Each structure stands twice: as structure tokens, then as C-alpha cells.
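Everything on this sheet refers to the single structure shown next.
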Amino acid sequence: QVQLVESGGGLVQAGGSLRLSCAASGRALSSYTKGWFRQAPGNEREFVAAINWSGGTSVYADSVKGRFTISRDNAENTVYLQMNSLKPEDTAVYYCAAKYYSGSYSSANNYDYWGQGTQVTVSS
């Protein structure tokens with residue numbers, strides 16, 4: 001059984017940084033695309049960033065481009081999201097996800113596995 005576990009969330013002031021991690025267990029997911037999504041109260045889950053299996057391709061939502069960086073370590077079965085210059089509007093529960101088959105990186109429906117989420121709160 002595949003399990004994705006996020007960590008690294010917390011409370012930070014605007015302009016600060018956080019680094020989220022997502023560790024996979026139960027099965028090696030080195031051939032899977034990994035993604036990060038977020039959901040704020042009252043909002044739908046939205047795409048943040050994704051990275052392909054090799055790490056050679058990464059895509060970002062316009063709202064985080066230039067501030068967030070996604071990376072992965074296949075040996076550790078872990079994907080990271082470095083978040084810099086955080087804004088109050090980045091406040092949300094952040095979820096990592098993994099998908100095997102082709103399809104849009106930004107569509108949550110294309111992902112096969114999901115973590116439970118980690119809360120990120122950015123104060124103004």
C-alpha cells in the first residue's frame with residue numbers, strides 16, 4: 001500500500017520561507033510524476049507545482065512561479081517544495097500527489113496517490 005506523508009508545514013511571517021517534504025513508502029515511486037497542490041478554506045484544490053520522474057521537467061502555477069521550487073530525490077523516494085517570499089494568500093493545506101500515466105500535470109484527477117496534507121499559514 002502506497003503512503004505519501006507530508007511534513008514541514010507551519011506558521012511563518014510574510015516574506016519568509018518554508019520547505020515541505022513528501023516521503024513515499026510502501027512502494028518506490030521513482031517513475032511517477034510528483035505534484036504539489038493546495039487548498040484554502042472555501043476554495044477548490046489548486047495546482048501548485050509538478051516534476052516529472054527524472055526531475056528534468058518541472059511546471060508551476062503562475063501564482064508561485066519564481067518563488068517556489070519543486071525538486072525530488074528518487075533515492076530517498078521524496079519530493080520537496082521550497083517556498084520563498086511567502087505571502088498570506090499562500091495560506092492553505094498543501095498536499096503532495098503522485099501519478100504514473102500521462103496527462104496534464106495540473107489536473108488533480110490525473111493523480112493516483114495523495115498525502116494527508118500539511119498546513120501552511122502565512123501571517124501578514
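Side chains are part of it too, since the values below use all heavy atoms of this structure and drop only hydrogens, waters and symmetry mates. In this chain, residues are counted from 1 in sequence order. This is a predicted model, so every value here is computed, not measured.
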Over 12 non-hydrogen atoms of neighbours within 6.0 angstrom of CD in Gln116: no
Is there a path of hydrophobic side-chain contacts, each under 4.5 Å between heavy atoms of I, L, V, M, F, W or Y residues, that connects [X] with [Y]?
{"X": "Ile51", "Y": "Trp36", "answer": "yes"}
{"X": "Tyr113", "Y": "Tyr111", "answer": "no"}
{"X": "Trp114", "Y": "Val79", "answer": "no"}

Is a side-chain donor or acceptor of [X] paired with a backbone partner of [Y] at a separation under 3.5 angstrom?
{"X": "Gln82", "Y": "Ile70", "answer": "no"}
{"X": "Asp73", "Y": "Glu76", "answer": "yes"}
{"X": "Thr91", "Y": "Pro88", "answer": "yes"}

To the nearest 0.5 Å, what is the distance between [atom1] ([X]) and [atom2] ([Y])?
{"X": "Asp112", "Y": "Lys99", "atom1": "CG", "atom2": "NZ", "value": "8.5 Å"}
{"X": "Glu89", "Y": "Ser124", "atom1": "CD", "atom2": "OG", "value": "10.0 Å"}
{"X": "Arg72", "Y": "Ser30", "atom1": "CZ", "atom2": "OG", "value": "7.5 Å"}

Could you go through the side-chain contact (heavy atoms from CB on, under 4.5 Å) check for Leu29 and Leu4 one step at a time? CA-CA 10 Å; Leu29 298 180; Leu4 300 177; 3.8 Å; yes
Is there any ring-ring contact (aromatic ring centres under 6.0 Å, His included) pair reaching into residues 70-107, and which pairs are they, with sequence neighbours excluded?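 Sorted pair list: Tyr32-Tyr100.
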Mind jotting down which residue pairs meet the ring-ring contact (aromatic ring centres under 6.0 Å, His included) criterion with at least one end in residues 42-74? Sequence neighbours excluded, please.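 Passing the test, one end in residues 42-74: Phe37-Phe47.
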I'd like to check the side-chain contact (heavy atoms from CB on, under 4.5 Å) partners of Val5; sequence neighbours left out, ordered by chain and number.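 Scan of Val5 (side-chain contact (heavy atoms from CB on, under 4.5 Å), adjacent residues dropped) gives Gln3.
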Hits for side-chain contact (heavy atoms from CB on, under 4.5 Å) against Ser54, two or more places apart or cross-chain, chain-then-number order -> Asn52
Looking only at heavy atoms, what is the nearest atom pair of [X] and [Y], with distance?
{"X": "Arg67", "Y": "Ser85", "result": "NH1-O, 2.9 Å"}
{"X": "Thr33", "Y": "Ala50", "result": "CG2-CB, 4.4 Å"}
{"X": "Val93", "Y": "Gln119", "result": "CG2-OE1, 3.2 Å"}

Please determine whether a side-chain nitrogen of the Lys or Arg among Asp90 and Lys87 lies less than 4.0 Å from a carboxylate oxygen of the Asp or Glu. no
Using salt bridge (charged side-chain N to carboxylate O under 4.0 Å, His left out) as the criterion, list what pairs up with Glu46, not counting sequence neighbours. Arg38
Side chains of residues 10-25: which donor-acceptor partners sit under 3.5 Å, not counting sequence neighbours?
unit_1 : atom_1 : unit_2 : atom_2 : d
Ser17  : OG     : Asn84  : OD1    : 2.9

